[in-house]
Structure formats: structure tokens, C-alpha cells
Amino acid sequence: MIREITPEDYEGLMSLYLHLHETEVPPFERAKEVWEHILSDRNYHIIVAEEDGMIVSSCTCIIIPNLTHGPRPYAWVENVVTHADYRGKGLATKCLDRAKELAQKENCYRLVLMTGSKLESTLKFYEKAGYDRTEKTGYIQHL
């Protein structure tokens with residue numbers, strides 16, 4: 001089942017993030033303010049795939065208001081992850097498809113996705129999902 005998160009999904013989502021790059025699930029007390037902000041922000045969408053009663057894949061889609069292109073918003077996709085035991089089943093693709101549907105519904109003029117992966121299989125996965133790695137150049141400045 002592909003759906004958006006609910007308030008009850010915190011622990012399941014944070015456990016899934018251990019398959020992304022996190023090393024531990026932070027205590028809820030420390031993350032509570034951020035979690036509540038995410039849940040209350042109508043532009044912040046965390047899409048999940050649920051199987052066997054567990055969140056096994058996810059991506060974040062944030063709709064960003066914008067004064068150019070019409071003005072039309074754009075969408076930023078981040079934190080694409082699938083539990084290691086559920087990879088290769090098309091779940092991340094379904095999450096990305098839902099992000100695209102949300103962006104289209106909000107009249108976004110583009111979706112932006114960046115990855116830290118250099119694996120050709122990951123890059124080809126994003127291309128197959130409709131993303132173009134040659135159109136823009138991305139830069140990161142860590143703070």
C-alpha cells in the first residue's frame with residue numbers, strides 16, 4: 001500500500017531510515033518538534049510503502065512555493081529509501097510516482113532530486129523513474 005505518513009508512523013519511518021544512512025533512531029523527545037512540524041506542514045509529504053504491516057520504502061516530497069515560472073511551485077524529492085529485504089519490488093518507484101502525482105496536483109513545473117550515490121545502478125534507477133542527471137549541475141555546501 002502506498003500512502004502518506006500518519007502520526008503513528010514515527011518509529012516505523014525512523015527504523016526504515018536505518019537503511020538510508022542513519023546509525024540510530026533518535027529519541028522521540030528530541031525529534032518531537034520536527035516530527036510535529038512535518039505533520040502540520042501541508043507542503044511536506046512523506047510517502048511510504050507499507051507491506052506486511054511495516055513501512056518498507058519511502059520518499060519525501062516537499063512542495064516549494066516560487067515566484068518564477070508563472071509563478072509555479074517546484075517539488076524537491078529527498079530521502080528515497082527501501083528496506084534491504086524489500087528492494088527490487090518496485091516500491092521506491094511507486095513512492096516516486098506518488099511524489100510526481102502530488103507535484104502535478106500542486107501545478108509544480110519540475111521535480112528536483114539529488115542523490116549522494118555514485119552507483120550506476122542507483123543513477124539508472126532514477127533515470128528510469130524519469131529524472132535527468134544531465135540537465136542541471138548540483139552543488140552542496142555543508143553547514
Side-chain angles (χ1 to χ4, degrees), residues 1-28 30-140 142:
M1 170 194 324
I2 306 299
R3 62 177 178 79
E4 288 202 45
I5 58 161
T6 65
E8 295 77 30
D9 288 329
Y10 175 79
E11 288 180 26
L13 182 66
M14 296 310 292
S15 293
L16 176 64
Y17 281 169
L18 294 174
H19 293 265
L20 183 60
H21 53 66
E22 299 299 316
T23 56
E24 64 181 30
V25 175
F28 183 69
R30 224 174 11 163
K32 185 176 182 182
E33 185 177 329
V34 174
W35 179 245
E36 289 177 1
H37 177 81
I38 287 169
L39 292 172
S40 68
D41 186 340
R42 72 172 201 84
N43 288 319
Y44 202 116
H45 305 270
I46 299 178
I47 301 156
V48 298
E50 183 179 344
E51 283 202 358
D52 305 321
M54 191 169 90
I55 295 173
V56 296
S57 188
S58 180
C59 74
T60 299
C61 179
I62 302 168
I63 308 299
I64 301 170
N66 181 41
L67 291 171
T68 66
H69 295 273
R72 290 173 62 195
Y74 60 95
W76 189 273
V77 175
E78 186 69 55
N79 295 333
V80 180
V81 59
T82 301
H83 187 289
D85 295 341
Y86 290 83
R87 292 183 183 152
K89 296 183 173 191
L91 297 170
T93 298
K94 289 178 181 176
C95 289
L96 289 173
D97 288 345
R98 180 65 61 88
K100 182 177 178 180
E101 291 170 11
L102 282 167
Q104 289 170 323
K105 179 182 168 197
E106 294 296 326
N107 196 31
C108 293
Y109 75 95
R110 73 172 169 204
L111 282 165
V112 178
L113 180 148
M114 293 179 64
T115 181
S117 178
K118 305 296 185 229
L119 293 173
E120 193 62 25
S121 60
T122 301
L123 303 178
K124 292 222 180 272
F125 164 74
Y126 289 129
E127 286 179 331
K128 187 176 176 185
Y131 293 87
D132 180 355
R133 65 171 141 164
T134 64
E135 184 178 330
K136 294 268 187 179
T137 301
Y139 292 89
I140 303 268
H142 291 277

So do the side chains of [X] and [Y] get within less than 4.5 Å of each other, counting heavy atoms only?
X      : Y      : answer
Leu13  : Trp35  : yes
Lys136 : Met114 : no
Glu78  : Ile62  : no

Legend entry - Spatial distance of atom CG (Leu111) from atom CH2 (Trp76) [nearest 0.5 Å]: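 The distance works out to 11.0 Å.
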
Inset, instruction - Kindly compute the distance separating SG (Cys59) from CG (Leu20), expressed to the nearest 0.5 Å. - result: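 Result: 11.5 Å between the selected atoms.
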
Run the side-chain donor-acceptor check on residues 47-56: report pairs under 3.5 Å with partners two or more places apart or on a different chain.
residue: Glu50; atom: OE1; partner: Arg3; partner atom: NE; Å: 2.8
residue: Glu50; atom: OE1; partner: Arg3; partner atom: NH2; Å: 2.9
residue: Asp52; atom: OD2; partner: Tyr86; partner atom: OH; Å: 2.7

Inset, instruction - Looking only at non-hydrogen atoms, find the nearest pair between Ile140 and His142 and report the distance. - result: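 Scanning both residues completely, I find the closest heavy atoms to be CG2-NE2, 3.6 Å.
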
Legend entry - For the student: nearest non-hydrogen atoms of Lys118 and Leu123, plus distance: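 Shortest heavy-atom separation between Lys118 and Leu123 comes out as O-CD1, 4.1 Å.
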
Could you go through residues 87-96 and list every donor-acceptor pair under 3.5 Å that involves a side-chain atom there, pairing it with any protein atom two or more places apart or in another chain?
residue: Arg87; atom: NE; partner: Thr82; partner atom: O; Å: 2.8
residue: Arg87; atom: NH2; partner: His19; partner atom: O; Å: 3.4
residue: Arg87; atom: NH2; partner: Thr82; partner atom: O; Å: 2.9

Judged by atom type as modelled, is there a donor-acceptor pair below 3.5 Å linking the side chain of [X] to the main-chain atoms of [Y]?
X      : Y     : answer
Arg110 : Tyr74 : no
Asp41  : Ile38 : no
Thr60  : Val80 : no

Legend entry - Within 6.0 Å of CD in Glu101, more than 12 heavy atoms from elsewhere: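 Yes, enclosed.
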
